[in-house]
2 protein chains.
Amino acid sequence: MGRRRQSVTIKHVAADAGVSLQTVSRVINNEPNVRPEMQKRVQASIDKLGYVPSIAAQRMSGSRSYLILAINDRERTIADWRGRQGIDWVDQMLLGGMLKCAELGYRMIFELVDTHNDHVERELRATIAALQPDGVVLTPPHSDNPLIVGLLDKAKIPFARIGSLGNGAGIPLTMDDEGSAQLATRHLIDLGHRRIGFIAGSPEYNLSGWRVDGWREEMEAAGLADEALLAWGDFSYASGEAAARTLLDSADPPTAIIVSNDQMTLATLEVARARDLEIPRDLSIISFDNTPIVRFTQPPLTAVDQPIAETVSRAVELIIAAQRGEAPSKTPTVVRGSLVERGSTAPPPKARR
Amino acid sequence: MGRRRQSVTIKHVAADAGVSLQTVSRVINNEPNVRPEMQKRVQASIDKLGYVPSIAAQRMSGSRSYLILAINDRERTIADWRGRQGIDWVDQMLLGGMLKCAELGYRMIFELVDTHNDHVERELRATIAALQPDGVVLTPPHSDNPLIVGLLDKAKIPFARIGSLGNGAGIPLTMDDEGSAQLATRHLIDLGHRRIGFIAGSPEYNLSGWRVDGWREEMEAAGLADEALLAWGDFSYASGEAAARTLLDSADPPTAIIVSNDQMTLATLEVARARDLEIPRDLSIISFDNTPIVRFTQPPLTAVDQPIAETVSRAVELIIAAQRGEAPSKTPTVVRGSLVERGSTAPPPKARR
DNA sequence: ATGAAAGCGCTAACAC
DNA sequence: GTGTTAGCGCTTTCAT
């Protein structure tokens with residue numbers, strides 16, 4: 001194929017404006033040492049010719065690439081896409097990330113990287129070498145993968161770690177999982193529940209533990225603590241089914257259950273239905289994530305909303321700030337979630353109260 | 001920030017292998033004129049040093065960028081993301097596009113472009129100038145936007161037009177909207193329905209018309225044609241509501257309705273409920289798109305599945321083939337959809353039969 | 001405040 | 001077959 005060349009380059013602009021390449025470059029990058037009238041003349045030529053700098057050339061000459069790389073776990077993401085369960089994590093990431101990037105003159109590139117792969121390092125290194133991004137947004141479980149964190153740190157690329165308390169390098173951000181779990185627990189306590197079960201997510205994700213912590217603290221504070229009310233899953237439907245059975249078949253079953261994600265909640269709903277438990281009359285349920293499907297279940301689910309878009313948006317801001325030399329804060333940036341009340345929560349049944 | 005340079009460049013590899021840059025370049029690009037043993041030696045150095053070519057540099061020297069750009073309508077996409085209705089169009093695009101790109105050694109970049117903007121052209125031109133993609137995947141309604149098509153044609157960038165019959169430049173692909181509508185119509189006719197309504201999508205999308213055509217043909221073939229059974233919407237919930245009312249409040253209402261997307265189907269479901277019509281006993285419904293929510297409605301919806309992932313995957317294949325010089329076929333590549341039967345279709349009520 | 005020169009990492013074109 | 005040379009479009013020195 002014929003080699004495609006840039007149609008309008010910095011040279012054309014320089015010639016048109018009658019200045020040196022350097023001056024044009026200064027205007028493009030808003031650098032000092034350009035007289036206002038000079039800057040105006042150059043800008044006029046840029047507009048007239050419809051000039052846009054080539055990212056490749058900018059990157060080549062050792063400056064910024066104006067690319068922010070967001071990476072997600074490959075296996076899980078593809079499974080979600082194939083499963084078509086309406087999990088819109090990626091969409092919310094793009095919503096927050098792309099818009100913020102656009103606002104700041106950057107572009108977001110989304111990539112998948114295998115966590116469970118002995119060549120994570122090679123894979124990520126290749127992506128970085130090829131794309132040369134100015135920053136990277138890490139999501140769980142990558143955010144706490146020491147190989148990835150170490151690699152990025154060594155490469156001196158600013159990076160955000162979503163869902164990480166951030167011991168070590170990088171910019172940590174959380175969605176306040178602990179606080180959200182407390183919120184949900186308190187809501188149920190306020191409704192009069194005393195036996196509140198909790199189905200935890202995969203221990204591979206640190207946030208799973210934080211959510212458990214939030215529930216446990218609130219239960220303890222209310223004098224309601226009972227570890228028998230805790231069951232672990234791994235975020236999958238099957239694991240939610242098993243956990244719900246354990247909880248509901250126990251001698252003294254809970255009157256309410258908080259479930260760590262929507263897929264496990266679907267399973268819990270099904271297990272409850274099989275036992276002729278009516279929601280929320282016989283059993284209250286609060287879900288985590290608030291993906292689209294929670295509005296379509298019977299009844300619609302009260303859920304903890306995860307502010308994914310906003311968190312990624314903040315992450316991009318912080319990365320770009322760091323890239324400009326601002327010292328990143330060592331304490332995690334917290335973007336709080338909220339409880340969205342729908343139809344799956346009510347006071348506990350009188351009989352058991 | 002310190003200027004980040006490539007850690008391992010082609011020079012390092014050349015030095016390590018004791019050959020010229022050019023030989024390394026040849027090995028990277030699988031070009032001829034390299035002896036097997038030479039190629040092995042170079043490859044060994046590449047592996048040893050963990051070398052990955054810089055896309056920026058490759059692009060700079062006038063060759064490929066290994067980037068495929070996929071663009072979607074900005075307004076609609078952001079509205080979908082914000083609305084959190086589980087519309088997974090973007091996810092399915094990425095699923096098909098990213099995997100195929102990865103398979104062929106390319107990367108997919110997803111971007112949003114405004115259709116309803118007098119500066120579509122400027123916007124797209126900027127994206128292309130900045131990214132220098134080797135190919136572009138267009139989705140409706142961009143696929144038939146003459147400004148965009150003209151621009152890409154002039155720039156000599158191979159591009160695919162999904163949902164376009166492709167008059168003019170570019171590689172056309174469709175998901176057989178007409179055939180799918182026929183499929184749905186025939187299914188209802190086979191169930192015994194004689195008055196089958198159709199709610200069309202926005203006329204701005206050519207595929208809206210094709211779906212109507214498919215319905216109409218099948219109805220005519222069965223001697224059931226009646227233009228009073230056709231109502232136009234614009235894919236929005238509100239428009240679906242209005243269209244459903246028109247159809248159901250008519251003197252001789254349909255016993256079945258085919259709706260051109262899931263959002264309008266949701267509205268139709270609601271309108272039916274308000275009229276105490278039980279689905280599918282009193283009214284059969286078939287939806288288009290088969291987004292995740294159709295499994296959660298009451299009852300779950302029989303729907304036409306749009307093979308988005310596969311279509312984008314094919315588009316990427318065709319683009320890369322074209323970029324390598326293969327002459328693209330002028331007739332559209334068709335990726336057929338399928339009818340997924342769930343609980344919203346049944347024989348018509350006896351009384352009306 | 002502006003310009004000139006050098007070089008980023010790679011490939012096309014041309015030698016050998 | 002393999003190496004050499006020039007140059008892609010831009011930014012960074014370093015002069016002026």
Side-chain angles (χ1 to χ4, degrees), chain A residues 1-42 45-46 49-67 126 128-132 134, chain B residues 1-42 45-46 49-67 126 128-132 134:
Chain A
M1 284 270 75
R3 13 196 298 143
R4 226 172 331 99
R5 291 253 113 92
Q6 203 89 339
S7 48
V8 182
T9 73
I10 197 171
K11 277 189 191 166
H12 298 102
V13 177
D16 186 83
V19 297
S20 73
L21 303 185
Q22 192 41 37
T23 303
V24 178
S25 174
R26 288 193 179 103
V27 171
I28 297 167
N29 298 293
N30 280 312
E31 276 169 24
N33 295 339
V34 184
R35 272 178 313 178
E37 64 178 84
M38 195 84 271
Q39 119 94 29
K40 259 194 186 136
R41 203 165 91 205
V42 173
S45 295
I46 290 177
L49 302 175
Y51 166 70
V52 181
S54 152
I55 282 190
Q58 293 186 124
R59 174 64 257 179
M60 277 299 298
S61 57
S63 105
R64 275 154 281 171
S65 66
Y66 296 100
L67 259 27
I128 289 176
L131 260 19
Q132 303 266 56
D134 285 341
Chain B
M1 285 269 74
R3 15 195 300 142
R4 229 176 324 102
R5 291 253 114 93
Q6 203 89 338
S7 47
V8 182
T9 73
I10 197 170
K11 277 189 192 167
H12 298 101
V13 177
D16 185 83
V19 297
S20 74
L21 302 186
Q22 195 43 36
T23 302
V24 178
S25 174
R26 287 192 179 104
V27 171
I28 298 167
N29 298 292
N30 281 312
E31 276 169 25
N33 294 338
V34 183
R35 273 179 313 179
E37 64 177 85
M38 194 87 270
Q39 121 92 30
K40 259 197 184 130
R41 201 166 91 205
V42 173
S45 294
I46 290 178
L49 302 175
Y51 167 70
V52 180
S54 153
I55 283 191
Q58 293 187 123
R59 174 63 258 180
M60 277 300 297
S61 58
S63 103
R64 273 154 284 172
S65 67
Y66 297 100
L67 260 26
I128 288 176
L131 261 20
Q132 303 266 52
D134 285 341

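Below, chains carry the letters A, B, ... as their sequence lines are ordered, and counting in each starts from 1. As the structure is a computational prediction, the values presented were derived from the model and not from experiment. Scope of the values below: all heavy atoms of this structure, side chains included, with no hydrogens, waters or symmetry mates.
- Residue-level contact check: B/V19 touches the backbone only, with heavy atoms under 4.0 Å from sugar-phosphate atoms and none from bases.
- Side chain of A/D134 to backbone of A/R64: no donor-acceptor contact under 3.5 angstrom is found.
- The phosphate of C/dA1 (OP1 or OP2) has no side-chain N or O of A/T23 nearer than 4.0 angstrom.
- Inter-residue side-chain proximity for B/H12 and B/Y51 is flagged as unmet; no heavy-atom pair is nearer than 4.5 Å.
- Near DNA chain D, defined here as any heavy-atom distance below 4.0 Å, the residues from residues 25-40 of chain A are A/S25, A/N29, A/E31, listed numerically.
- If you find the closest nucleotide of DNA chain D to B/M60 and to A/Q58, the one lying nearer the 5' end belongs to B/M60.
- Residue A/S54 places its side chain closer to D/dC10 than to any other of D/dC8, D/dC10, C/dC10.
- The side chain of A/S61 approaches D/dG9 more closely than any other nucleotide in the set C/dC10, D/dC8, D/dG9.
- Two residues, B/Q22 and B/A56, neighbour DNA chain C, and the one matched to the more 5' nucleotide by heavy-atom proximity is B/A56.
- The two residues A/A56 and B/R59 come nearest to each other via the heavy atoms CB-CG, 3.9 Å.
- Within the 4.0 Å cut-off from OP1 or OP2 of D/dG3, at least one side-chain nitrogen or oxygen of B/S20 is found.
- A side-chain contact (heavy atoms from CB on, under 4.5 Å) with B/I28 is found for exactly one of B/T23, B/V13, B/I10, B/V52, namely B/I10.
- Remark: B/Y51 is in phosphate contact with C/dC10, judged by side-chain N or O atoms under 4.0 Å from OP1 or OP2.
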Between A/S25 and A/N29, is a side-chain contact (heavy atoms from CB on, under 4.5 Å) present by the stated rule, with each step listed?
CA-CA 6 Å; A/S25 174; A/N29 298 293; 3.6 Å; yes

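- Inter-residue side-chain proximity for A/L67 and A/Q132 is flagged as unmet; no heavy-atom pair is nearer than 4.5 Å.
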